[in-house]
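First up is the structure itself, then whatever we jot down about it.
Values below: every heavy atom of this structure, side chains too, minus hydrogens, waters and symmetry copies. Within every chain, numbering begins at 1; the chains are lettered A, B, ... in the order of the sequence lines, protein sequences first and strands thereafter.
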Amino acid sequence: MYYNARLQLLLKKINPSRISVMQKDGEIYKSWEEKGYFKPELHTNGNPYSIILPPPNANAPLHFGHAMYTVEDILIRYHRLLGDKTLWLPGADHAGFETQFVFEKKLLEKGKSRFDYDRETLYKMIWDFAAENRPVMENQLKRLGFSLDWSRSKFTLEEDIIKIVYKTFKKLYEDGLVYRAEKLVNYCTYDGTSFSDLEVIYEEKNSPLYYIKYGPLTLATTRPETKFGDTAVAVNPRDKRYKQYIGKEIEIETVFGKAKLKVIADDMVDPEFGTGVVKITPAHDFNDFEAGQRHNLPSVQVIGLDGKMNEKAGKLKGLYVKQARKAIVEEMQKKGLVEKIDESYINRIGVCYKCKNPIEPLPLEQWFIKMEPLAKYAIKAVKEGKLKIYPKNFEKLYFQFLENIRDWNISRQIVWGIRIPAWQNKKTREWKVTEGENPGDDYIQDNDTFDTWFSSGQWPYASLAATNSLEFYPTSVMETGYDILRWWVARMMMLGIYMTGKPPFKDILLHGLVNDPLGKKMSKSKGNVIDPIEIVEQYGADTVRFALVYGNATGNDQALSYTKLEAAKKFINKLRNIARFVVEMKPKTSSKEAAQRIEDIKVMKNLEKVTKDVTDALERYDFNFALNMLYEFIWHYFADVYIEQSKKRREEAQPYLEHILKTMLILLHPFMPFITEELYLQLPNHLESIMLEKWPKVKA
RNA sequence: GGGCUCGUAGCUCAGUUGGUUAGAGCGUUGCAUUGACAUUGCAAAGGUCAGAAGUUCGACUCUUCUCGGGCCCACCA
């Protein structure tokens with residue numbers, strides 16, 4: 001029966017399980033690496049071309065965003081084939097707070113906490129933890145086929161990197177761009193560290209609005225527990241209702257008894273909100289802090305770093321903020337000081353981006369970087385066209401961030417990181433910044449470590465310098481997810497220009513996010529995280545790479561698509577069969593002289609066109625278009641038309657078939673490195689590897 | 001409140017600087033195929049390109065507005 005015959009045939013051919021393909025990919029990768037193909041020295045005389053891999057966190061396995069680095073591998077392999085002296089430099093980030101956070105969770109499982117260890121022990125433990133996990137991440141990058149020069153791999157906590165980071169800090173300090181000050185900072189009382197503005201996320205939360213009597217006035221607040229820190233009451237200067245009180249002191253009744261409070265006028269007060277009267281608590285609110293400075297108000301801290309009320313809160317001392325709020329409201333209600341409560345009020349609360357607990361604005365002495373002078377140059381570089389951002393619309397985001405930038409708090413109260421090389425004199429309390437050395441017995445080092453992004457912000461320069469590869473600076477392109485444009489790219493621009501006088505890259509290329517198959521953002525809490533390596537094991541690396549590039553415009557988010565994975569699988573099958581037809585089913589003899597028939601002339605013309613189109617598309621980072629051209633040409637022209645035609649005149653066409661197949665494999669290699677190598681090695685007269693081939697020349 | 005982005009075939013998405021019959025993958029329908037093809041080939045159906053107005057000889061593409069998703073930023077007590 002026909003059907004059974006088909007089935008038999010099918011079963012006979014059904015391939016090698018996925019595992020053996022994986023093995024094959026692994027072997028191919030290994031041989032490439034062993035032969036040194038990933039090193040720039042492969043083309044010593046070529047033009048330098050370089051990309052710095054955004055260093056993944058050392059402690060964590062890859063997520064699907066990392067698989068998007070396929071785009072970088074495409075560029076790297078393309079330039080290698082062009083004959084450029086090409087470097088793709090890998091690395092690993094210590095990811096300070098993130099890693100410590102994960103590690104603390106692990107400690108918690110064992111019934112321990114960070115407080116059970118001294119600094120050195122904790123650091124050592126996290127070091128081992130990261131060291132243990134780093135190879136996992138690196139192997140995953142290899143499985144995706146990424147042609148990184150592993151001999152140059154760096155880790156952000158290595159001595160030579162730290163030295164460079166210290167140098168930068170000292171230079172900033174000497175140039176007056178780093179200062180130490182007590183300011184209100186974003187502090188997470190659960191994780192015990194401060195953050196920069198970027199690490200705070202805002203969530204809409206129901207926060208009851210309490211209308212409280214302050215002597216003759218009534219004000220509305222969501223934070224009654226901070227009233228012990230009030231040093232004024234503010235109204236709008238144009239608010240007629242309260243004109244009589246401005247500049248005067250009012251007597252208010254508190255849970256402690258009577259007290260006096262100044263009434264100030266400030267434009268920050270919106271007369272429409274609440275009663276138009278606001279309490280000013282400079283020590284616990286960013287707006288109030290500024291108002292306090294404008295009006296010379298004292299600052300009274302009532303909440304400690306532990307998140308508990310301090311002695312200024314009287315008998316509420318020792319209570320956590322939430323408990324204290326409840327207690328004080330009850331107390332005031334007893335005294336009849338609460339006029340009403342708007343229970344349904346919703347406002348935006350800053351929470352820790354990691355543990356999601358409320359961020360407490362607290363006064364703390366920290367190191368800050370003055371950003372404006374640095375931002376100026378980063379803005380200028382892009383405005384003057386020294387480098388371009390792709391896709392272009394992200395330029396706006398870039399400018400928006402840099403033009404409104406505020407000073408950067410780089411102190412973190414964690415141990416996992418680069419300890420700040422600042423030393424304080426025990427007697428004079430003066431600070432000395434060094435390049436790491438202890439200035440003397442009278443000094444003790446700051447306990448804090450740098451914000452991770454301070455060191456990763458120097459990564460292009462630092463990693464190249466530490467690997468003796470500065471000839472590759474500035475790098476050719478910085479390719480990364482748009483979600484870290486502000487956190488990372490903008491900071492690399494600022495610090496890179498500051499330290500070297502040049503932007504650290506010639507182009508910025510941003511890719512979109514990979515969402516779950518339904519288009520929702522992958523997140524642990526939603527439980528929809530898909531492991532890229534699992535998909536690689538299921539479909540193969542080439543398939544995954546194809547699926548991520550095909551049908552997706554540069555910079556756009558995409559949903560992980562199984563139908564695209566299936567399509568990619570079929571395409572690979574097509575390639576295999578084309579190769580089988582051209583190579584295995586070769587005619588015994590073939591013409592020496594190419595017989596230029598009309599279809600041959602046409603196919604060569606089309607080949608030339610597709611080569612040019614693909615090359616142009618790669619030059620403008622239009623990967624989808626390039627891959628589309630190849631797909632169309634290979635399947636619907638080369639296979640469907642030319643090969644079909646050639647069956648009648650096989651001997652004549654054979655030289656063309658081989659030539660076109662080889663050219664296709666080369667053009668496709670950046671996108672699908674494994675299958676192209678595998679098939680290439682089946683061609684007659686092949687080199688040792690497709691990686692040694694040359695990108696076909698495009699006629700101008 | 002400000003900004004960005006998307007709304008194109010049943011589904012997921014492309015559409016390069018505005019130019020003739022708007023494309024792909026998957027799906028659907030018909031026919032063919034012991035074929036180099038784990039199938040594939042040929043053909044077909046299917047879109048008022050969210051809606052409205054404008055610029056233009058001509059708009060999916062540019063402008064404005066409306067509706068509806070998504071994301072980001074901002075100090076609302």
*Let me have a per-nucleotide readout for nucleotides 4-10 of chain B, 5' to 3', with B, S or -, counting only protein heavy atoms under 4.0 Å.*
SS-----

_So Ala639(A), base contact, sugar-phosphate only, or nothing? Heavy-atom distance under 4.0 Å._
base

*Could I get the full list of ring-ring contact (aromatic ring centres under 6.0 Å, His included) partners for Trp408(A), not counting sequence neighbours?*
none

*asked:* Once hydrogens and angles are ignored, does a donor-acceptor distance under 3.5 Å link the base of rA36(B) to the side chain of Lys647(A)?
replied: yes

*Is there a donor on the side chain of Glu644(A) or the base of rA36(B) sitting less than 3.5 Å from an acceptor on the other?*
yes

*asked:* For Phe546(A) together with Phe571(A), are the ring centres under 6.0 Å from each other?
replied: yes

*Which class fits the ring pair His636(A) and Tyr631(A): parallel under 30°, tilted 30 to 60°, perpendicular over 60°?*
perpendicular

*Is Arg649(A) salt-bridged to Glu599(A), going by a charged N under 4.0 Å from an acidic O?*
yes

_Tyr637(A) and Tyr642(A) aromatic centres sub-6.0 Å_ = no

*Within the pair Arg620(A) and rU16(B), is there a side-chain N or O less than 4.0 Å away from OP1 or OP2?*
no

*Ignoring backbone atoms, establish whether Lys570(A) has a side-chain N or O less than 4.0 Å from OP1 or OP2 of rC26(B).*
yes

*asked:* Tell me which residues in residues 275-288 of chain A lie within less than 4.0 Å of RNA chain B, going by non-hydrogen atoms.
replied: Val278(A), Asn287(A)

_Salt bridge check, Arg238(A) against Asp267(A): does any charged N sit closer than 4.0 Å to a carboxylate O?_
yes

